Amino acid sequence: MNPNESPPMNQPPTTGFGISGQTIICFAGEDWWYHHPHSKNHILKRLARQNKVLFVNSLTMGLPSFSNPDFFLKIRRKLRSYMRWLRKVPEGLYVMTPVSFPLYGSSFGRALNRWLLLIQLRLVALFWGFRKPIVWVAIPSAADIVKALKPQVLLYQVSDKYEANEDSALSSDVIRTWDQQLKQQAAVVMYSGRKLFQESDSPRRYFLEQAVDFDHFASEAGQPASEIANIPRPILGYFGYMDYVMDVELMEEVARRRPEWHWLLIGGKSNLVQFNSPNFHYIGPKPYADLPKYLRHIDVCVLPWSQKNTFTSYGSAIKVREYLATGKPVVISPLYEYLETPGVHIYRSTDEFISAVEHSLRNDTQTDRAFRQSVVRNCTWDVRAREVGELIKKLLVSGPHDARATQPRPAANAEQEFAPNTLP
């Protein structure tokens, strides 16, 4: 278009993040109150600067079995979230925890929850005054509600192998049905993982790569966290929720063979995960804003995830990019997402884990640290939010089934931005 020409009348207003004046409803796969920010949190708080945004906390895909040690823990956490129902958060968007029942295994339960959710959303609509929203779905259990909202555009984000989730007793067939339903209805299917993207046969697939809050993790904290100042070094550090994805067996074996290494573990923890060695220092969850105070004490950032778990193998853990942004050495299990990522040490056995950590402790230099930071320096959430905003703008202008918006771009250099839709 000639820069002197007026934009088409049906083109949405342009902002730094692509769109403004729109209403966006996101059905998230996590709870705003109990998780560190995921991709949706980071992107939506940016889009909320000039759009109305409603973040709907995770619509459960069902509770774990009654015998699961986390059964009551999850109920208590969800009830606390229900108590907040609808709140405006400092980032400028609204967060809603809709009341529902964990009865998705039957058609009656799904119909009941659909009715409950629709009533609550209509109440919010009266309060908020929205019509024909842009709907962003990031959890399959929202499939039953999206048509009733009559969205301008439906985005479906696939960030996990949902039917392989071990955290729910719900039938994988039900989850798979929801997943297929959303893929058929969506204007675009956004994949947050390389393996998920490559296995997809969707004609409207789009690779929405993860990013990083670079400045937050790259900046040295002014004041270290005093509560961990007396932990002997070297320190291996991990932050994030700890559940069945953790390779506790490997961690215990490393602790036995290298008792002089200490582990700093930050985040919520499932009752399934128990650490017995004295050199494990579990300090519970800490505010996202305070993480740099704790990361300052870490010598090597680790991701000891199970290699036997199907769900984990599809993971695109944002924390790996956050580790890289600190500049510290990074040692992780062989996640497909990061097999070709420069600056990352991959291990496949306990011996390889120990060897990678020893190498990092002996040989790491300032040049190595600067290189690791360079890998993710331009892979920021500002970049991703602008990308999503521009994608939505194209779909609003061209129609909800314009696949042209999902075509891949040329490959990027490893030290440049991890370009979306760029896969080997």
Side-chain angles (χ1 to χ4, degrees), residues 36-39 42 157-161 164 190-200 207-214 217-218 236-242 245-247 250-251 254 267 291 295 298 300-350 352-357 359-360 364 368-381 383-384 408 411-424:
H36 283 160
H38 288 233
S39 59
H42 286 292
Q157 183 182 9
V158 181
S159 54
D160 291 302
K161 190 74 168 175
M190 304 185 298
Y191 289 91
S192 298
R194 293 172 179 271
K195 192 173 182 181
L196 290 163
F197 180 89
Q198 289 177 337
E199 291 183 1
S200 170
F207 184 48
L208 183 68
E209 192 159 18
Q210 303 286 21
V212 65
D213 191 351
F214 183 83
F217 289 94
L236 314 186
Y238 174 91
F239 65 82
Y241 195 75
M242 288 162 266
V245 305
M246 304 298 291
D247 191 343
L250 176 140
M251 295 169 71
V254 171
L291 284 179
L295 294 173
I298 292 172
V300 181
C301 297
V302 297
L303 188 83
W305 279 8
S306 171
Q307 299 176 50
K308 303 174 183 177
N309 186 285
T310 301
F311 185 80
T312 303
S313 70
Y314 284 84
S316 55
I318 295 171
K319 63 175 61 63
V320 175
R321 285 176 168 81
E322 294 167 341
Y323 288 170
L324 287 167
T326 70
K328 295 177 184 291
V330 180
V331 176
I332 70 171
S333 61
L335 288 187
Y336 186 86
E337 183 76 13
Y338 297 106
L339 292 179
E340 304 299 326
T341 301
V344 172
H345 293 286
I346 302 288
Y347 72 87
R348 290 179 170 81
S349 67
T350 305
E352 288 184 6
F353 180 95
I354 291 173
S355 177
V357 172
H359 179 272
S360 298
D364 194 50
D368 295 326
R369 295 190 171 213
F371 173 74
R372 284 189 286 267
Q373 289 182 316
S374 76
V375 172
V376 295
R377 185 180 302 277
N378 297 318
C379 176
T380 67
W381 291 116
V383 171
R384 288 294 170 267
N413 183 280
E415 292 188 42
Q416 296 172 341
E417 175 199 341
F418 290 171
N421 294 330
T422 301
L423 290 179

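Residue numbers count from 1 along this sequence. Because the structure is a prediction, the values reported are computed rather than measured.
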Query raised in the report: Do the side chains of Val344 and Ile332 get nearer than 4.5 Å, heavy atoms only?
Result: yes
Requested in this report: Grab the two heavy atoms, one from Phe214 and one from Gln373, that are nearest each other, plus how far apart they are.
Outcome: CE1-O, 3.5 Å
Query raised in the report: Side chains of Tyr338 and Arg194: do they bring a donor and an acceptor to under 3.5 Å?
Result: no
Query raised in the report: Do the side chains of Met190 and Ser159 get nearer than 4.5 Å, heavy atoms only?
Result: no
Query raised in the report: Can you name the closest pair of heavy atoms from Pro304 and Tyr347 and give their distance?
Result: CA-OH, 3.2 Å
Report task. Fit a plane to each ring of Phe207 and Phe197, take the angle between them on a 0 to 90° scale, and name the class: parallel (under 30°), tilted (30 to 60°) or perpendicular (over 60°). Result -> tilted
Query raised in the report: For the side chain of Ser374 and the backbone of Phe371, is there at least one donor-acceptor N/O pair under 3.5 Å apart?
Result: yes
Report summary line: In terms of heavy-atom contacts, Leu295 and Phe217 come closest through CD1-CD2, 3.6 Å
Query raised in the report: Between the side chain of Arg321 and the main-chain N/O of Gln210, is any donor-acceptor distance below 3.5 Å?
Result: yes
Query raised in the report: Is it true that a side-chain atom of Arg372 and a backbone atom of Lys328 form a donor plus acceptor pair closer than 3.5 Å?
Result: yes
Report task. Answer yes if the side chains of Thr312 and Asn309 hold a donor-acceptor pair under 3.5 Å, and no otherwise. Result -> yes
Requested in this report: Please list, chain by chain and in numerical order, all residues satisfying salt bridge (Lys or Arg N to Asp or Glu O under 4.0 Å) with Asp368, sequence neighbours excluded.
Outcome: none
Query raised in the report: So, the side chain of Ser316 versus the backbone of Glu337: is there a donor-acceptor pair under 3.5 Å, distance only?
Result: no
Query raised in the report: Does Tyr323 use its side chain to pair, donor to acceptor, with the backbone of Val302 at less than 3.5 Å?
Result: yes
